[in-house]
Number of protein chains: 2
Amino acid sequence: MSDKRKIAEAVITRLSIYNRALGEIGKEGLEIISSDELGNRIGYSAAQIRKDLSCFGEFGEVGKGYFVQDLRDVISHILGVDRKWNVALAGAGHLGSALLAYPGFKQWGFNIVAVFDNDLAKIGKKWESIVIQDISELAKTVKEQDIRIGAIAVPPQVSQEIVDMFTSCGIRAILNFATASITVPEGVKLRNVDLATELECLSYFLTNEAEVRSEVLGKIKNSSGEGG
Amino acid sequence: MSDKRKIAEAVITRLSIYNRALGEIGKEGLEIISSDELGNRIGYSAAQIRKDLSCFGEFGEVGKGYFVQDLRDVISHILGVDRKWNVALAGAGHLGSALLAYPGFKQWGFNIVAVFDNDLAKIGKKWESIVIQDISELAKTVKEQDIRIGAIAVPPQVSQEIVDMFTSCGIRAILNFATASITVPEGVKLRNVDLATELECLSYFLTNEAEVRSEVLGKIKNSSGEGG
DNA sequence: GTATGTGAAGTAATTCACAGCT
DNA sequence: AGCTGTGAATTACTTCACATAC
């Protein structure tokens with residue numbers, strides 16, 4: 001297929017997951033894999049995987065499956081992760097410092113090349129070889145360092161301000177860790193990592209679904225069954 | 001409505017967002033709000049909000065709107081966040097330590113009461129008033145401390161092991177920060193916080209959608225329009 | 001007049017199922 | 001025989017629009 005029509009965000013999310021799984025599978029030495037096998041490993045249906053891939057082209061060998069390395073290269077290219085991206089981080093608190101120290105980012109090709117804060121005690125300090133800058137230097141640094149992605153790890157009260165600063169200096173992709181409802185202009189992609197919501201979903205499940213199940217389990221004693 | 005039929009996870013996610021917004025609105029002193037106003041603030045449609053709420057009951061005043069505090073209490077109860085939850089954290093690396101130090105969790109009612117690691121250099125050390133334990137003590141501690149939620153911040157290679165340990169000692173709700181495809185038994189709720197996927201979605205957007213748009217913007221020069 | 005709650009309508013996402021290729 | 005790619009069918013989700021209540 002591979003027309004240029006709107007691809008659902010859920011498809012992209014899954015592509016990323018397929019890609020990671022393919023990496024693991026490749027390390028195991030497997031050269032070819034069917035949509036069925038891949039699906040079993042990561043908990044998606046074979047049909048789902050084939051449909052998702054069909055948005056972008058035909059990458060499989062009929063009767064055989066997908067060449068692991070080839071498919072990985074294709075998906076990496078689709079996702080745009082066959083290159084490096086420079087990232088600016090706003091907020092040098094607990095979360096910010098953990099993100100900076102976390103080796104995953106660089107490993108995946110996302111380099112945090114600048115960190116900003118408004119705390120005078122922090123500005124000028126060196127962290128993981130990066131000097132924390134005053135937020136007022138944002139626009140200049142974004143231009144100089146070709147930064148395309150902004151990460152936000154500031155208190156909720158100031159998160160919208162940071163978003164506005166990011167977008168007004170040309171950043172079109174934002175990863176937000178602040179627990180606040182922020183808005184971005186048309187043409188800017190925002191992804192929220194919302195720990196409060198994640199925990200609250202778990203809380204809902206424990207309160208409304210798991211308990212019911214455990215009552216049932218209690219009644220049928222201890223048959224170790226997960227059947228549902 | 002409020003029947004006991006299956007509620008979509010997306011609904012729960014939004015309830016959490018409505019709840020946070022209601023908190024902010026309450027602080028501003030507003031006592032009553034319509035679904036329309038609430039929707040405008042957080043970027044959802046009024047119909048969506050009303051439909052979501054209708055899964056659980058009728059909480060509004062026809063012709064007026066919703067009493068902010070009342071609705072907040074109702075949603076908090078639905079989500080099960082009108083109580084405290086004890087959380088076990090596996091992994092005392094960079095990310096784990098940031099999570100532990102992060103004040104949000106406790107503030108939202110999720111107390112990290114135990115931390116586990118397999119690094120002998122870390123075990124026994126005190127962190128934020130919690131002594132890091134060997135992972136072998138997990139089952140005992142989970143029981144003693146009435147821990148219901150497990151958070152995973154370990155390297156991907158061992159994440160499935162931790163999941164299995166958590167589930168086999170009765171934990172039914174897991175927040176996973178490890179970038180790995182893990183599976184849980186039926187009856188256990190897993191939420192993934194997947195930074196690699198989040199970043200890759202942004203990368204996809206920049207590669208496939210934002211660039212196209214900026215070409216268009218380039219052609220029409222600088223009309224500042226966001227028109228979609 | 002105003003805003004809820006909700007069937008009905010309309011979209012979107014997923015799964016089915018099979019023709020067609022190797 | 002085995003597995004992809006994809007229309008068709010199904011299921012899930014969202015929006016519409018209005019009767020109803022204040």
Side-chain angles (χ1 to χ4, degrees), chain A residues 1-18 21-22 25 30-72 74-75 78 201 209 228, chain B residues 1-18 21-22 25 30-72 74-75 78 201 204 228:
Chain A
M1 251 290 156
S2 127
D3 279 291
K4 202 70 187 189
R5 62 187 192 299
K6 176 74 183 166
I7 310 288
E9 196 135 335
V11 174
I12 306 307
T13 305
R14 286 191 299 264
L15 282 189
S16 167
I17 292 166
Y18 303 159
L22 289 168
I25 291 162
L30 218 55
E31 287 188 354
I32 194 161
I33 193 165
S34 67
S35 57
D36 200 51
E37 284 177 86
L38 177 58
N40 285 340
R41 279 184 179 244
I42 57 180
Y44 290 106
S45 75
Q48 177 91 80
I49 292 170
R50 294 203 301 275
K51 242 303 186 302
D52 286 348
L53 293 175
S54 79
C55 296
F56 300 95
E58 304 186 8
F59 309 117
E61 300 274 313
V62 175
K64 300 179 99 178
Y66 300 88
F67 286 98
V68 173
Q69 190 55 54
D70 291 355
L71 185 56
R72 189 142 197 269
V74 164
I75 296 179
I78 292 167
C201 286
E209 297 183 20
Chain B
M1 251 288 158
S2 128
D3 278 290
K4 200 70 189 188
R5 63 185 192 299
K6 177 72 183 167
I7 310 287
E9 197 134 332
V11 174
I12 307 307
T13 305
R14 286 192 298 265
L15 283 189
S16 167
I17 292 166
Y18 303 159
L22 289 168
I25 291 161
L30 217 55
E31 286 188 356
I32 195 161
I33 193 166
S34 67
S35 57
D36 199 52
E37 284 177 87
L38 178 57
N40 285 339
R41 279 185 178 242
I42 57 180
Y44 289 107
S45 74
Q48 177 91 81
I49 293 170
R50 294 202 302 274
K51 244 300 188 304
D52 287 347
L53 293 175
S54 79
C55 296
F56 300 95
E58 304 186 7
F59 310 117
E61 301 274 314
V62 176
K64 300 179 98 178
Y66 300 88
F67 285 97
V68 174
Q69 189 54 54
D70 291 355
L71 185 55
R72 189 140 197 268
V74 165
I75 296 178
I78 292 167
C201 286
Y204 172 84

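Throughout, a chain's letter reflects where its sequence line sits, starting with A, and its residues are numbered from 1.
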Task: Sole candidate of B:Val74, B:Leu71, B:Ile78 that passes side chain to side chain contact (heavy atoms under 4.5 Å, CB included) when paired with B:Leu53 - done: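 That would be B:Leu71; it is the only one of B:Val74, B:Leu71, B:Ile78 passing the side chain to side chain contact (heavy atoms under 4.5 Å, CB included) with B:Leu53.
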
Please report, rounded to the nearest Å, how far the [atom2] atom of [N] is from the [atom1] atom of [X].
| X | N | atom1 | atom2 | value |
| --- | --- | --- | --- | --- |
| B:Leu53 | D:dC13 | CG | P | 17 Å |
| B:Tyr44 | D:dC16 | OH | P | 17 Å |
| B:Phe67 | C:dA3 | CZ | P | 13 Å |
| B:Ile33 | C:dT2 | CD1 | C1' | 15 Å |
| A:Glu58 | C:dA19 | CD | C1' | 14 Å |
| A:Asp36 | D:dT4 | CG | P | 8 Å |
| A:Asp70 | D:dT4 | CG | C1' | 16 Å |
| B:Gln48 | D:dT15 | CD | C1' | 9 Å |

Pairwise distance [atom1]([X]) to [atom2]([Y]) - rounded to 0.5 angstrom:
| X | Y | atom1 | atom2 | answer |
| --- | --- | --- | --- | --- |
| B:Tyr204 | A:Ile7 | OH | CD1 | 5.0 Å |
| A:Lys64 | A:Glu31 | NZ | CD | 10.0 Å |
| B:Asn40 | B:Glu37 | CG | CD | 8.0 Å |
| A:Ile25 | A:Gln69 | CD1 | CD | 12.0 Å |

- [ ] Looking at every strand, decide which applies to B:Ala10 at a 4.0 Å heavy-atom threshold: base, sugar-phosphate, or nothing.
- [x]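 Since no nucleic acid heavy atom lies under 4.0 Å of B:Ala10, the category is nothing.
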
Open item on the list: How close do A:Leu30 and A:Val68 get, counting heavy atoms only, and between which atoms?
Closed with: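 In terms of heavy atoms, the two residues are closest at O-CG2, 3.5 Å.
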
Throw together a table of side-chain donor-acceptor distances under 3.5 angstrom for residues 41-49 of chain B, partners on residues two or more places apart or in other chains.
unit_1	atom_1	unit_2	atom_2	d
B:Arg41	NH1	B:Glu28	OE2	3.1
B:Arg41	NH2	B:Glu28	OE1	2.6
B:Ser45	OG	B:Gln48	N	3.0

Between [options], spot the one nearest the side chain of [X], thanks.
| X | options | answer |
| --- | --- | --- |
| A:Ser35 | C:dT15, D:dA21, D:dT4 | D:dT4 |
| A:Val62 | D:dC13, D:dT15, C:dG20 | C:dG20 |
| A:Ser34 | D:dT6, D:dC13, D:dC3 | D:dC3 |
| A:Tyr66 | D:dT4, C:dG5, C:dA3 | D:dT4 |

Task: A:Val11 vs A:Arg50, nearer the 5' end of DNA chain C by closest nucleotide - done: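 Closest to the 5' end, via its nearest nucleotide, is A:Val11.
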
TODO: Could you say whether A:Asp52 or B:Lys51 is positioned toward the 5' end of DNA chain C, judged by the nucleotide with the nearest heavy atom to each?
DONE: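 Between the two, 5'-proximity favours B:Lys51.
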
Task: Side-chain N or O of A:Arg14 closer than 4.0 Å to phosphate OP1/OP2 of C:dT14 - done: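 The answer is yes; a side-chain N or O of A:Arg14 sits under 4.0 Å from OP1 or OP2.
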
Open item on the list: Five pairs per end, C1' atoms only: what is the angle between the end axes of the helix from C:dG1-D:dC22 to C:dT22-D:dA1, to 10 degrees?
Closed with: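 Its terminal axes enclose an angle near 0°.
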
